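Within every chain, numbering begins at 1; the chains are lettered A, B, ... in the order of the sequence lines, protein sequences first and strands thereafter. Note that the coordinates shown come from a computational prediction; the quantities given were computed from them, not determined experimentally.
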Number of protein chains: 2
Amino acid sequence: MTDLTTSLWIRKALQIHKSFLSFASMLSKKTKYAIKALVALGKNRENPPMQIVRLAEQEMIPRKFLEQILLDMRNAGYLYSKKGAGGGYSLNKDPKDIYLADILRITDGPIAMVPCASLKFYRKCDECHDEVTCGIRKTFIDVRDATLKVLAQTSIADVIARETDDIQIE
Amino acid sequence: MTDLTTSLWIRKALQIHKSFLSFASMLSKKTKYAIKALVALGKNRENPPMQIVRLAEQEMIPRKFLEQILLDMRNAGYLYSKKGAGGGYSLNKDPKDIYLADILRITDGPIAMVPCASLKFYRKCDECHDEVTCGIRKTFIDVRDATLKVLAQTSIADVIARETDDIQIE
DNA sequence: AATAAAGCCTACTATTTCTATAGATTTTTA
DNA sequence: TAAAAATCTATAGAAATAGTAGGCTTTATT
């Protein structure tokens, strides 16, 4: 028995793309949570450290999941942690020096859309015969460069700054 | 019982990122197959139509999977199909007029990395409180624009042309 | 020294998405 | 009428993501 919402013909009849139900090839929740956590810690710099539990509640992130994420960020050198009573997490770098590209690479891995176009996680594509002449590869190297131009230049500080941009009169 | 290759500590000891095993947030096989099929059909324009079976063999794509993909492309108006003996598939447009962005949208859906930054498949993000002031959103709209600048301007004809670029002396 | 608060670490489960296959149907040509 | 081909929907299988569990270690406080 097939679920109504995933039934092809009903979606077709209603002209619903599957992306209405799910949103593929997107940023993982892990990455979103990581960014939100870093932003929150960036705003909390006068008052460190911040406990996982507080952070989880404030940002509506499942606590145990957040634990793992923070651990990754810590192991990558972006966070400082302190155990025991009165402990918690705080930023180990200036928000200006934490770039989204780096966060993405820690949480989601490669930024490129195909392995063979990845800068930091290069791998040969399975379906590719001759990489040198692959037109797809060349295009997706361009895409990677364009994406990276944004992500490697946008820092947590920028994200925080942008949050209040709407106050400006346009 | 955990599989060796997925065991965290062994990966850690060998310093292997999980992307070595799998490659997340990337182009789906469906999309890759679609592009390859269109490129193949683009090269076969003097000799149409081409049968699914031949195309599948030539491009090393699982036949029944390819069927579905071609059907999608056909329903979207990019392919012409003919049933019965001597039938098959051929391009319904000039390769110059088939852009990668459009293919991606048919096969994978949105191009943006977050729903709230999508041009064609906009949807509110679950974890977002105030979209107007969301710094993440603004950044990923920039990413989307950068990506689209490449994908919406690169056609199947461009991909084909690029395949022989290496012949040029650099 | 004992206790409680917090992070550390690995494994596991559950859910969802992607990939692929199945099989019956329809259309066309010879 | 038989064979060749696409059409269509459903289902199965595989992989990735999301989330949970629970014991361990460190630190501060009393």
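At whole-Å resolution of the value, CG in B:Asp72 and C1' in D:dT9 are 13 Å apart. What separates CE of B:Met73 from C1' of D:dT7 is a distance of 17 Å, to the nearest Å. Taking atom CG of residue A:Leu71 and atom C1' of nucleotide D:dC24, one finds them 13 Å apart after rounding to whole Å.
Ring centers of A:Tyr33 and A:Phe65: under 6.0 Å apart, within the cut-off.
In terms of position along DNA chain D, the nucleotide closest to B:Gly88 lies nearer the 5' end than the nucleotide closest to the other residue of the pair A:Arg63 and B:Gly88. A residue-by-residue look at A:Gly84 and A:Leu66 shows that A:Leu66 has its nearest nucleotide of DNA chain D further toward the 5' end.
No salt bridge links B:Asp158 with B:Lys96; every basic N to acidic carboxylate O contact stays at or beyond 4.0 Å. In this structure, B:Glu67 pairs ionically with B:Lys64, as a charged nitrogen and a carboxylate oxygen lie closer than 4.0 Å. Using a 4.0 Å cut-off between a side-chain N of Lys or Arg and a carboxylate O of Asp or Glu, B:Arg162 and A:Asp142 qualify as a salt bridge.
Set against D:dA5, C:dA5, D:dT25, the side chain of A:Ala85 has C:dA5 as its closest nucleotide. Here D:dA18 is the nucleotide among C:dA22, D:dA18, D:dA21 with the atom lying nearest to any side-chain atom of A:Lys29. Here D:dG19 is the nucleotide among C:dT27, D:dG19, C:dG23 with the atom lying nearest to any side-chain atom of A:Phe65.
The base of D:dG19 does not come close enough to the side chain of A:Lys30 for any donor and acceptor atom to sit less than 3.5 Å apart. Not a single donor-acceptor pair, N or O on each side, falls under 3.5 Å between the base of D:dC8 and the side chain of B:Gln68.
In this structure, B:Ser81 reaches the D:dT7 phosphate: one of its side-chain N or O atoms is under 4.0 Å from OP1 or OP2. OP1 or OP2 of C:dC8 sits under 4.0 Å from a side-chain N or O of A:Arg74. Taking side-chain N and O atoms only, A:Ser28 has no distance below 4.0 Å to OP1 or OP2 of D:dA16. When the side-chain nitrogen and oxygen atoms of A:Lys82 are compared with OP1 and OP2 of D:dA28, one or more of them lie within a distance under 4.0 Å. Distances shown here put a side-chain N or O of B:Tyr33 below 4.0 Å from the OP1 or OP2 atom of C:dA20.
Among the protein residues, B:Ile52 comes within range of the sugar-phosphate backbone only, with heavy atoms under 4.0 Å from sugar or phosphate atoms but none that close to a base.
B:Ser118 places no side-chain N or O within donor-acceptor distance of the main-chain N or O of B:Val114, the cut-off being under 3.5 Å.
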